[in-house]
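Here's the structure we're looking at; comments come further down.
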There are 2 protein chains.
Amino acid sequence: MHNCTSHNDCIADALHRAEEICEARELRFTELRRKVLELVWERHGPIKAYDILDKLDNRIGATKPPTVYRALDFLTDNGLVHKINSLNAFVGCSHPLTHRECYFLICSDCGEAKECCNSEITDVISKTIRRNEFLTDHITLEITGECRDCRGVH
Amino acid sequence: MHNCTSHNDCIADALHRAEEICEARELRFTELRRKVLELVWERHGPIKAYDILDKLDNRIGATKPPTVYRALDFLTDNGLVHKINSLNAFVGCSHPLTHRECYFLICSDCGEAKECCNSEITDVISKTIRRNEFLTDHITLEITGECRDCRGVH
DNA sequence: ATCGCGAATGTTATATTATAACATAATATT
DNA sequence: AATATTATGTTATAATATAACATTCGCGAT
Ligand SMILES: [Zn+2]
Ligand SMILES: [Zn+2]
Ligand SMILES: [Zn+2]
Ligand SMILES: [Zn+2]
């Protein structure tokens with residue numbers, strides 16, 4: 001679904017953006033948080049907390065669930081990572097400075113998640129929210145199915 | 001958030017609709033499935049699987065997780081109940097014949113979930129999906145926050 | 001430099017959510 | 001009635017997540 005020419009660049013960019021954001025906000029982008037973000041960015045799709053845990057184990061020795069969940073909390077709280085609730089998994093945010101709520105197209109075949117945020121969706125959802133006089137905390141929009149590539153569309 | 005004059009009627013209606021739908025589709029609306037649906041409809045908000053389990057225990061003696069999850073699977077598969085992924089909880093569908101995908105406004109204060117499905121949202125989401133040549137399996141739209149009543153709006 | 005503070009991480013234990021696998025019972029089909 | 005199918009019961013365990021407390025780290029004040 002994603003056609004990054006060099007995924008190493010994707011990862012490097014994500015880490016670099018995270019650094020900048022944390023510096024600007026006076027947040028501590030620790031080694032642990034960096035490693036977890038790096039693992040989240042291993043591919044353009046959601047990864048499970050316990051898979052991150054396993055990969056950390058391989059790199060830095062036995063790690064425990066709270067370690068990973070705390071790092072993920074930090075990253076999601078600061079918009080660097082999104083939780084995909086329908087999968088209990090986590091994915092890197094493609095544009096952490098742009099906005100907080102992201103919408104996703106999630107391919108159940110290749111496992112990739114593509115952000116499909118757009119103002120048209122936001123506008124019409126906002127309208128519904130206003131009509132209901134609702135005070136929004138968070139919007140989850142997750143669309144599962146099969147992506148263009150996996151469908152074999154040319 | 002909901003102003004049903006008699007919630008017993010809500011429950012009775014939901015059970016009756018379920019009966020009709022199951023009959024029309026030649027599905028078996030068993031006692032267990034009925035009881036689980038009834039418990040889901042105890043209020044206009046999501047209920048957790050293990051809370052259903054506890055309430056079944058009180059009514060019909062020790063019940064085990066698979067019993068509840070299988071009944072919930074049946075009910076969700078047939079559009080009588082929706083799973084709220086952001087809460088790991090289940091809520092009765094207000095209009096099981098109208099459509100499969102429902103959008104929710106979920107109040108974190110009173111715990112109610114209001115369906116806010118409308119074609120405007122569906123249309124704009126569909127457009128995004130088409131533009132991405134995506135083949136949709138399921139759409140999850142969950143908006144959490146504070147409802148009109150809990151905000152104290154008049 | 002070291003003391004003290006708050007933030008981050010380590011550690012142990014456990015809570016919560018969900019399913020696998022197999023046995024039995026109920027219902028439908030022949 | 002015999003057989004197949006579907007639903008439920010049962011045991012065990014997998015997968016996801018957090019509570020509670022101990023230790024360490026980073027950093028400013030003394
Ligand atoms: Zn890439
Ligand atoms: Zn795909
Ligand atoms: Zn009601
Ligand atoms: Zn409310």
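In what follows, every chain begins at residue 1, and chains take the letters A, B, ... in the order their sequences are listed.
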- [ ] Take atom CG of Leu87(B) and atom C1' of dT17(C), then tell me their distance rounded to the nearest Å.
- [x] 13 Å

TODO: For His138(A) and Gly145(B), indicate whether the former's side chain and the latter's backbone hold a donor-acceptor pair under 3.5 Å.
DONE: no

Task: Glu19(A), CD: over 12 other non-hydrogen atoms inside 6.0 angstrom - done: yes

Task: Positive for ring-ring contact (aromatic ring centres under 6.0 Å, His included) with His82(A), one of Phe90(A), Phe104(A), Tyr103(A) - done: Phe104(A)

Open item on the list: Heavy atoms within less than 4.0 Å of DNA chain D: which residues of residues 30-48 of chain B have one? Give them sorted by number.
Closed with: Thr30(B), Leu32(B), Arg33(B)

Task: Thr122(B) (side chain) donor-acceptor with Asn118(B) (main chain) under 3.5 angstrom - done: yes

Open item on the list: On a heavy-atom basis, which atom in Thr63(A) and which in Leu53(A) lie closest, and how many Å separate them?
Closed with: O-CD1, 3.5 Å

Task: Out of dA17(D), dA18(C), dT11(C), whichever nucleotide has its closest atom nearest the side chain of Lys64(A) - done: dT11(C)

Open item on the list: One character per nucleotide, please: for nucleotides 19-30 of chain C, 5' to 3', B when the base has a protein heavy atom closer than 4.0 Å, S when only the sugar-phosphate does, - otherwise.
Closed with: BBB-----S---

- [ ] Verify, without hydrogens or angle tests, whether Arg33(A) (side chain) and Arg28(A) (backbone) share a donor-acceptor contact under 3.5 angstrom.
- [x] yes

TODO: Verify whether one side chain among Asn88(B) and Lys48(B) offers a donor that lies under 3.5 Å from an acceptor in the other.
DONE: no

Task: Any Thr67(A) side-chain nitrogen or oxygen under 4.0 Å from OP1 or OP2 of dT9(C) - done: no

TODO: Figure out the CG/C1' separation between Leu53(A) and dT11(C), and round it to whole Å.
DONE: 13 Å

Task: Interatomic distance, Leu56(A) CG vs dT11(C) P [rounded to whole Å] - done: 14 Å

TODO: May I have the distance from Asp51(A) (atom CG) to dA17(D) (atom C1'), rounded to whole angstrom?
DONE: 15 Å

Open item on the list: Between Glu120(B) and Lys127(A), does any NZ, NE, NH1 or NH2 come within less than 4.0 Å of an OD or OE carboxylate oxygen?
Closed with: yes

Task: Rounded distance in Å - CG (Asn85(A)) to C1' (dT16(C)) - done: 16 Å

Task: Any Asn88(B) side-chain N or O less than 4.0 Å from OP1/OP2 of dA18(C) - done: yes

Task: Separation of atom CG in Leu72(B) from atom P in dA18(C), rounded to whole Å - done: 9 Å

TODO: Find out if a path of hydrophobic residues (ILVMFWY) with successive side-chain heavy-atom gaps under 4.5 Å connects Leu75(A) to Leu56(A).
DONE: yes

Task: Phe29(A) CZ - dG26(D) C1' separation (whole Å) - done: 17 Å

- [ ] On DNA chain D, check which nucleotide each of Leu27(B) and Ala62(B) is closest to and give me the residue with the more 5' one.
- [x] Leu27(B)

Task: Integer-rounded Å distance: dA17(D) C1' and Ile52(A) CD1 - done: 13 Å

